[in-house]
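Report on the structure given below.
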Amino acid sequence: VQSEPVSPRLPPSAIRRWSLGSVRAELARVHWADVASLILLGALPLVMLITLDDYGLTYDEEPHVRLGERVLAFYANLSRSHSSLNRSAYGAGFDLAAALLRRVSPWDEYRTNHILCIAVAQLGLLGTWKLGRLLAGPPAGLAALAFLVLEPVYYGHQFNNPKDIPFAVGYVWGLYAIARLLAASAENPGDGVPALARGWRHWVALALALGAAMSVRVGGAILIAYLGLFVALLVADRWRLAGAPAASSLRSLFWKAALAGLGGWVIMLPFWPRALTQPMQGPAAALETVTRYTAYDSPTLLDGKLIPSQSVPWNYLPTYFALQQPELISLCFAGACAALCVSTIVALRRRRPLALAPWLLVVAVLVPPAYAIARGSTLYNGLRHFLFLVPPICVLAGAALAGFVARLWLARRAFAAVALAVVFALAAEPARALIRLHPHQQVYFNPSGGGPKAAVKNYETEYYGSVYRELLDRLVSEVWEQRRSEYLNTTFQVTGCGSKLFFTRNLPLDYQYQPMRNVRNVDYYATYVRDRCLERHRDRPLVAEVARDGAQLAAARQLRKARSAASAATSGP
Amino acid sequence: MSESLHAPSIAARQDRRVARWAACLSLLPVPVWFIASAALAPAPAWRAEYRSSPDFSGPGAIVAERELQRYWDRLNREVPGELETQHFSARWDTCLRLDAARDVPLMLVADGSAQLSIDGRERLALESGVLRATRGEVLRLESGTHALRVVLSARGWPAIALLASFDGAPPRPIGSGHLAPGVDTFAPASSGECR
């Protein structure tokens with residue numbers, strides 16, 4: 001672990017003058033990788049704001065909007081019964097913030113949600129950069145950040161996923177706070193445990209991060225387990241190298257870790273009325289609910305087969321990670337794990353301190369899916385519920401890449417140049433995919449998996465409903481062009497798969513949603529690819545479609561021929 | 001000697017500065033944009049009056065709305081003034097300013113009974129049956145300011161929209177502020193006049 005990289009060139013008395021020249025001089029003193037990271041961190045929110053309106057609403061948003069409103073109502077009317085909140089399996093950390101923001105926002109609930117989503121996403125990008133930098137210095141921070149941006153699935157979800165991305169943000173900051181404690185001890189190997197036990201600042205930050213993660217998903221409690229495990233490992237490692245630490249240091253360490261965990265729990269409570277009324281039973285029951293999640297058993301796709309989401313095979317998650325993650329990142333992640341194993345063996349043989357922070361990330365990446373597989377958890381929507389693994393994967397991959405290139409640079413610069421050329425060539429593919437797939441980056445499948453075209457019939461691609469915005473915009477434009485004479489006096493009847501909200505929120509009201517059972521009197525069938533809905537009504541004329549990389553993600557077909565203006569103007573058929 | 005003593009603290013200070021810059025560059029743009037956009041967003045142009053009775057007497061509420069497109073259903077029951085979702089009346093008023101005369105495709109869409117009047121003259125009216133009803137016409141509107149009023153008598157799960165096309169694109173709900181070159185909407189004065 002190389003924490004807080006040293007740059008000895010800063011003059012002791014740096015005077016701040018806010019001119020362009022002084023900023024340029026300041027930047028000249030900063031590590032080149034930090035400059036690049038700052039540029040990237042500054043550009044990302046601007047790009048995300050510019051493209052914000054391209055992203056449609058998703059399945060999970062409506063229930064989370066309602067949850068936020070219910071939690072707000074809970075605090076407004078504490079005396080009333082709020083029985084439905086006592087069944088909620090999710091904390092409302094994000095949803096409560098969104099509900100409060102809606103009170104001052106001039107836009108509707110979903111646009112406001114999306115703005116908060118990208119604000120929270122910046123925290124995740126920043127946390128990933130900080131964790132990478134903490135682990136292996138500025139180049140690793142830059143590589144971790146770049147890798148996270150180059151994860152198309154994660155990138156797409158940052159705009160309209162009110163649950164998995166906020167949780168991923170809490171998770172990466174929780175890991176950062178724990179890694180920071182481990183690094184603080186590595187900075188003072190002589191002090192070891194006492195250095196970790198001293199002071200409160202890092203512990204308070206840890207409690208905040210734990211609380212933030214748990215306020216979105218109860219699974220964030222696993223961070224408390226990581227904390228306990230790695231503090232124990234740290235003590236054991238110091239014991240191995242320098243004998244038993246003082247009992248007073250251990251006591252202090254134990255109490256601070258316990259208080260940080262408790263503090264995180266307390267921070268979570270106000271965002272989750274169920275936990276507030278039942279601080280232990282509520283979260284425990286919610287954890288059981290979300291790991292089994294028997295309320296949902298819709299089929300999910302794996303390798304071309306529809307399988308019940310309650311009984312997916314063990315390779316469901318590994319397959320999706322292998323196919324949806326850019327190969328470069330998977331390769332670097334595997335390299336990081338291998339290098340870590342070697343360095344650990346060397347450290348054990350030569351009686352050196354173990355690099356525990358990288359191991360923390362390895363555990364943080366491997367344990368949750370292993371637990372889900374072992375428990376036979378309900379799984380669907382590909383890797384969506386495990387997006388929180390992506391930032392730590394990117395951090396480890398970034399650290400491995402930075403370390404590898406640095407070693408090559410020291411050995412022979414030509415090798416490093418070749419390696420960098422290969423890295424840029426491999427990184428170009430997901431970078432181009434981000435643009436090609438926009439705004440449906442979540443359907444990305446890597447070239448080894450055949451890309452979206454090969455995946456669209458065999459795997460979960462557009463399962464979230466975001467595509468309806470583009471599809472229905474195209475449908476309305478086509479109908480306006482093709483049926484101008486009757487358009488002004490017609491209520492078009494539309495049906496399709498997914499939530500009613502996809503239609504009511506993306507169409508003007510002269511298009512009326514009809515449930516699928518009423519298909520007989522419907523003008524248009526508009527649908528996304530999920531649940532093989534695109535295979536229905538294939539014999540009907542195609543009016544509009546959304547396709548990316550040769551994969552049809554959504555389509556609208558005309559079911560009923562044009563009606564006369566007189567019959568259309570009345571109330572439908 | 002003194003340099004080596006200072007080095008760790010200098011490096012730490014430098015790192016803190018980089019971290020602060022990173023936090024500012026990363027975290028500030030979205031809130032700053034939100035605050036600026038919210039502050040600069042045009043004021044709601046629709047004055048909406050909701051009442052429990054068809055003659056617009058009795059309890060109700062007057063609120064400002066940004067566009068005229070609303071629907072109510074099982075998940076979306078709330079009517080301003082806490083009125084009963086399936087039995088209320090409402091009227092919406094706005095002022096439409098045109099720089100030049102133009103032909104405007106206008107559509108009134110409703111579940112329930114609805115009328116559109118422009119400058120006090122009824123131009124579109126409809127009564128929905130089992131399904132939602134839509135009435136539209138391409139209306140010639142002269143340059144200047146026009147008072148638009150839409151009245152709805154709710155029945156069943158009500159819905160109401162006033163759609164228009166000012167730029168050749170498909171008709172969309174009439175919103176607030178600048179809608180197209182030479183086309184603006186603004187809220188009427190408290191007296192109901194468009195000035």
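Just so we're on the same page: letters track the sequence lines, and every chain starts at 1. Here the structure is a predicted model, which means the values were calculated and not measured.
Within the 3.5 Å criterion, the main-chain N or O of B:S89 finds no donor-acceptor partner in the side chain of B:S153. Between the B:R155 side chain and the B:S128 main chain, a donor and an acceptor come within less than 3.5 Å of each other. B:D167 contributes no side-chain N or O that, together with a main-chain N or O of B:A180, makes up a donor-acceptor pair within less than 3.5 Å. Listed for the A:E69 side chain is no donor-acceptor partner under 3.5 Å among the backbone atoms of A:V65.
Under 4.0 Å is where a charged nitrogen must lie from a carboxylate oxygen, and between A:E61 and A:R66 no such pair does.
Using a 4.5 Å cut-off between heavy atoms, A:L507 contacts chain B through its backbone alone, with no side-chain atom that close. Contacts between B:V30 and chain A at a heavy-atom distance below 4.5 Å involve backbone atoms as well as side-chain atoms. Of the two parts of A:S37, neither the backbone nor the side chain holds a non-hydrogen atom closer than 4.5 Å to a non-hydrogen atom of chain B. Residue A:L44 does not touch chain B at all, counting heavy-atom pairs closer than 4.5 Å. Residue A:L501 touches chain B through its side chain alone, counting heavy-atom pairs closer than 4.5 Å. Interface residue B:A22: backbone and side-chain heavy atoms are both found under 4.5 Å from chain A. Residue B:L108 does not touch chain A at all, counting heavy-atom pairs closer than 4.5 Å. Heavy atoms closer than 4.5 Å to chain B are found in both the backbone and the side chain of A:L38.
For the set B:L126, B:L28, B:L106, B:L75, the count of heavy-atom pairs under 4.5 angstrom toward chain A peaks at B:L75. Chain A forms more heavy-atom pairs under 4.5 Å with one residue of B:A110, B:S176, B:S37 than with any other, namely B:S37. The greatest number of non-hydrogen atom pairs below 4.5 Å with chain B, out of A:V35, A:L46, A:L101, is found for A:L101. Chain B forms the most heavy-atom pairs under 4.5 Å with one residue out of A:Q122, A:Q512, A:E62, and that residue is A:Q512. Ranked by heavy-atom pairs under 4.5 Å with chain B, the first of A:D108, A:L125, A:L41, A:L509 is A:L509. Note on B:P171, B:A19, B:P42, B:A38: by heavy-atom pairs under 4.5 Å with chain A, the leading option is B:P171. Considering only heavy-atom pairs separated by less than 4.5 Å from chain A, the leading option among B:N76, B:V18, B:D111, B:V138 is B:V18.
Counting heavy atoms from C-beta outward, B:F186 and B:T94 have side chains that stay 4.5 Å or more apart.
Between the side chains of A:S105 and A:T112, at least one donor-acceptor pair of N or O atoms lies under 3.5 Å. Side chains of B:E65 and B:W92: a donor-acceptor N/O pair is present below 3.5 angstrom, by distance only.
Between A:F492 and A:Y487, a ring centre-to-centre spacing shorter than 6.0 Å is recorded. Separation of the A:Y511 and A:Y524 ring centroids does not fall under the 6.0 Å cut-off.
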